[in-house]
There are 2 protein chains.
Amino acid sequence: MKYINVYKDIKGKILKGIYPPGATLEGEEIFCEMYGLSRTTIRKAIAKLKQDGYVHSRQGSGIFVNPPEFYEEKSLTTISERIDKTENIETTVLDFKTIEADEELSEIFNLSIGSKLFYYTRVRKIVDSHNVLEKTYMPYYLFKDFNKDIIKKSVSKYIEKDCHYTISHDIKNIKAINVDKELAQLLNMEEGSATLQIQHKVYLNKSILAQYTLEIQTKNNIRFVAVR
Amino acid sequence: MKYINVYKDIKGKILKGIYPPGATLEGEEIFCEMYGLSRTTIRKAIAKLKQDGYVHSRQGSGIFVNPPEFYEEKSLTTISERIDKTENIETTVLDFKTIEADEELSEIFNLSIGSKLFYYTRVRKIVDSHNVLEKTYMPYYLFKDFNKDIIKKSVSKYIEKDCHYTISHDIKNIKAINVDKELAQLLNMEEGSATLQIQHKVYLNKSILAQYTLEIQTKNNIRFVAVR
DNA sequence: TGACATTTGTCCGTATGTATA
DNA sequence: CTATACATACGGACAAATGTC
């Protein structure tokens, strides 16, 4: 875990402005001496910095600090994930109950029609930012002791820490939708206007679907940065 | 470049189904013998396979082939980039002219109002798939010999190969919009319905904006996969 | 429960290739 | 042309997680 410390150290210096955007970093050899580590380890740290968009490198030239838009708001951080990092989120649970799967849901979860599912909706307000409405479905047979308190906190923590499930991957589909009457009222938007809907599926090992969420954000915008 | 050959070989076998989803790959040591390469090199190839979503690995366990949704349609490949790979695109140029920057454009490009810009619109039909409408602006002072023939082919190649500029990065913003009358006719969509608009900025070194594109796709859907 | 072999992860030192200035 | 700096590659050693007996 030495390389991760180097990564954190350099990342911190970039975020603090000690290495400003456009700056040339010390060469790999210098870093080796500075941290007293081998070049392999330094390069692993640099590789992670590159992967996360903090720096880029050119052979024969050097390692350069990227401008902030490279690493801000990257890769579609929907709110679900941000909860673990900042506590600047107000959560209101609107609804929580168990329902029976209709045809659509049974197909999504690959369960028989009528199977029990947990269903909840919540609004999350990112302080000084936008609102998010989430509608989530989770199969009952996987999460028997699921309850309302968990929803106010972090559901993903519950899945991984309390239930000891391993989250394998998630798939997000982004779509434009017209705001309906219900949404318009809840999020204070204009009926019929266009907004982004994010469909979010969380999978456990063996492609078991653990969570199906529809997210609507009042902020009609998602940004990506790609480095050549 | 040895590792990239290994990468391509294994990737090919995954795509051909020789390694089906869920399969366990040969261990690293076996690969070393098979390809006659060191473990470092094999690991570099595996690392790239992991990065591109083809496989994942667990310490103490092995290297496993991911299901197709892990590597399909990843990371928002807008059409602009796909042109280099497949020739299955029909391009129709609808408009090509020079215009003068209004307030909005002058701000986007950081130029004074009235500066000359190239402007073109084109429709691209992905064979057996969907349509894309692009509206693009490019500053005149950077691309004096720009012409209609280039637009029919690859503009990004023109920027890099012919003009010898280096593309530093690009930023994409996704937004939901209501389809207006013009769009509805061009792309055979319903007026007022919601669809995705991708705003695409291409930057050269020193944060010079070389290209500003608004893209609208008839396919109202973008997918992402993230692996834990 | 514990011991053990297997497999990936991390790390070191060194050498050579290649793009850049 | 030369020096510099990153990229690729080799081989070896130990750590940590996993699965099995």
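Values in this document were obtained by computation on a predicted structure and should not be read as measured data. Chain naming here is simple, since letters A, B, ... match the order of the sequence lines and numbering starts at 1 in each.
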- What is the distance from OH of A:Tyr7 to P of C:dT10, rounded to the nearest Å? 14 Å
- Message: For the aromatic rings, using the six-membered ring if either is Trp, is the centroid distance between B:Tyr158 and B:Phe146 under 6.0 Å?
- Response: yes
- Task: Any chance you could lay out the ring-ring contact (aromatic ring centres under 6.0 Å, His included) test for A:Phe118 and A:Phe143, step after step, and finish with the verdict?
- Result: CA-CA 8 Å; A:Phe118 288 110; A:Phe143 304 105; 7.4 Å; no
- Task: Send over the distance from B:Tyr3 OH to D:dC10 C1', rounded to a whole Å.
- Result: 16 Å
- note: A:Lys44, atom NZ; C:dC11, atom C1'; distance rounded to Å ~ 9 Å
- Message: Between C1' on D:dA9 and CD1 on B:Ile4, what's the gap in Å once rounded to a whole number?
- Response: 14 Å
- Item | Test item: side-chain donor near acceptor, B:Ser57 and B:Lys50, under 3.5 Å | yes
- When you measure from every atom of DNA chain D, which of residues 23-30 of chain A have a heavy atom less than 4.0 Å away? A:Gly27, A:Glu28
- Can any side-chain N or O of A:Asn173 pair as donor or acceptor with the backbone N or O of A:Gln199 at less than 3.5 Å? no
- Note on the structure: From CZ of A:Phe31 across to P of C:dC11 the rounded distance in Å is 16 Å
- Taking the six-membered ring for Trp, are the ring centroids of B:Phe109 and B:Tyr137 within less than 6.0 Å of each other? no
- Return the orientation label for the A:Tyr7 and A:Tyr54 ring planes: parallel under 30°, perpendicular over 60°, tilted otherwise. perpendicular
- Message: Strictly below 4.0 Å: does B:Lys2 bring a side-chain N or O up to OP1 or OP2 of C:dG17?
- Response: no
- Do the two ring centres, one from A:Tyr119 and one from A:Phe96, sit under 6.0 Å apart? no
- Note on the structure: Here the side-chain hydrogen bond (donor to acceptor under 3.5 Å, both in side chains) pairs for residues 15-24 of chain B, sequence neighbours left out, are B:Tyr19-B:Glu26
- Figure out the CD1/P separation between A:Ile42 and C:dC11, and round it to whole Å. 10 Å
- When we call it a touch if two heavy atoms are under 4.0 Å apart, what does B:Leu37 touch: a base, just sugar-phosphate, or nothing? sugar-phosphate
- Calculate, to the nearest 0.5 Å, the distance between atoms CD and CD1 belonging to A:Glu28 and A:Ile46 respectively. 6.5 Å
- Query: Could you run down nucleotides 12-21 of chain D 5' to 3' and tag each one B, S or - for protein heavy-atom contact under 4.0 Å?
  - Reply: -B--BBBS--
- Query: Can you tell me how far P of D:dG11 sits from CZ of B:Arg43, to the nearest Å?
  - Reply: 16 Å
- OP1 or OP2 of C:dT7 under 4.0 Å from side-chain N/O of B:Ser57: no
- Nearest whole angstrom, please: distance from the C1' of C:dC11 to the CG of A:Asn5. 14 Å
